[in-house]
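These numbers come from the heavy atoms of this one structure, side chains and all, not from hydrogens, waters or symmetry mates.
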Amino acid sequence: QVHLVESGGGSIQAGGSLRLSCAVSGYTHTINYVAWFRQAPGKEREQVARVLFGIPSARDTYYLESVKGRFIISQDTAINSVYLQMNTLEPEDTAMYYCAARKRDGGALWMPESYRYWGQGTQVTVSS
């Protein structure tokens, strides 16, 4: 079992920054990717960013096109934490943000269904 706990969400004005944190614990050797997803009301859950977990200098990252250049995913392998630095936030970024972990035998990297473990979510609200 793997447990994920998010923190760092909140309400902010457009143009501001927030940093989300995801603490990963449990059988972390069974997972390979950790991703941030978001879901806005009435919309499908979408992958915002992902990183190859446990590799300090991992360059295997992905970003949703609309967040490229604004968001940065990173990790601290010493404490099994993954972060999402969100800069120049826009009202369109308003959503519930989830941290998720994919088992090594999981499916397609971009699909929410491929991620076995999920955090409880943290709300991000960006006002104009």
Practice task
Could I get the full list of ring-ring contact (aromatic ring centres under 6.0 Å, His included) partners for Y27, not counting sequence neighbours?
Solution key: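 Listed in chain order: H29.
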
Problem - Any pair counted as side chain to side chain donor-acceptor pair (under 3.5 Å), so long as it reaches residues 99-108, sequence neighbours left out - result: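 Those involving residues 99-108 are N32-R102.
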
Non-neighbouring partners of [X] that pass side chain to side chain donor-acceptor pair (under 3.5 Å), sequence neighbours left out:
X   : value
E65 : K68
S17 : N87
D93 : R38, R70

Problem - Smallest separation among heavy atoms of A23 and S81, with atom names - result: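 Heavy-atom minimum between the residues: CA-OG, 4.1 Å.
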
Practice task
Could you pull out the closest heavy-atom pair between I31 and A101, with the gap in Å?
Solution key: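 Nearest heavy atoms, I31 then A101: CD1-CB, 3.8 Å.
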
Does [X] belong to the same Ile/Leu/Val/Met/Phe/Trp/Tyr cluster as [Y], with side-chain heavy atoms less than 4.5 Å apart forming each link?
X    : Y   : answer
L84  : Y62 : yes
Y117 : Y98 : no
L89  : I72 : yes
L109 : V82 : no

Handout entry: Any side-chain heavy-atom pair of L64 and E46 under 4.5 Å
Key =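 Answer yes - side chains close enough.
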
Handout entry: 4.5 Å side-chain heavy-atom contact, L20 and E6
Key =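 Side-chain contact under 4.5 Å: no.
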
Practice task
Sequence neighbours left out, what pairs pass disulfide (SG to SG under 2.5 Å) with at least one residue falling in residues 20-128?
Solution key: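 The answer is C22-C99.
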
Exercise for the section: Using the disulfide (SG to SG under 2.5 Å) rule, collect all pairs that involve residues 44-95, keeping only residues at least two apart or in two chains. Expected result: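 For residues 44-95: none.
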
The criterion is side chain to side chain contact (heavy atoms under 4.5 Å, CB included); which residues satisfy it with [X], sequence neighbours excluded?
X    : answer
S21  : S7, Y83
T61  : V51, Y63, I73
W110 : R50, A108

Practice task
Assess whether atom CD of Q13 is packed by more than 12 heavy atoms of other residues, nucleotides or ligands within 6.0 Å.
Solution key: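 Counting neighbours around CD of Q13, 12 or fewer heavy atoms of other residues, nucleotides or ligands fall under 6.0 Å, so no.
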
Handout entry: L18 CG to S11 OG distance, which is reported to the nearest 0.5 Å
Key =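 Reported value, rounded in 0.5 Å steps: 8.5 Å.
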
Handout entry: Gap between atom CE of M111 and atom CZ of R45 - 0.5 Å precision
Key =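 With rounding to 0.5 Å, CZ (R45) is 13.0 Å from CE (M111).
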
Exercise for the section: Mark yes or no for whether Q1, through its side chain, and G26, through its backbone, hold a donor-acceptor pair below 3.5 Å. Expected result: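 No, Q1 side chain to G26 backbone: no donor-acceptor pair under 3.5 Å.
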
Would you be so kind as to tabulate the donor-acceptor pairs closer than 3.5 Å made by side chains of residues 121-128, with sequence neighbours excluded?
| residue | atom | partner | partner atom | Å |
| --- | --- | --- | --- | --- |
| T122 | OG1 | G9 | N | 3.1 |
| Q123 | NE2 | A95 | O | 3.4 |
| Q123 | NE2 | T125 | OG1 | 3.4 |

Exercise for the section: Write out all pairs satisfying ring-ring contact (aromatic ring centres under 6.0 Å, His included) with one or both partners inside residues 31-58, taking only residues at least two apart or from two chains. Expected result: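 Every pair satisfying ring-ring contact (aromatic ring centres under 6.0 Å, His included) with a residue in residues 31-58: F37-Y115, F37-W118.
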
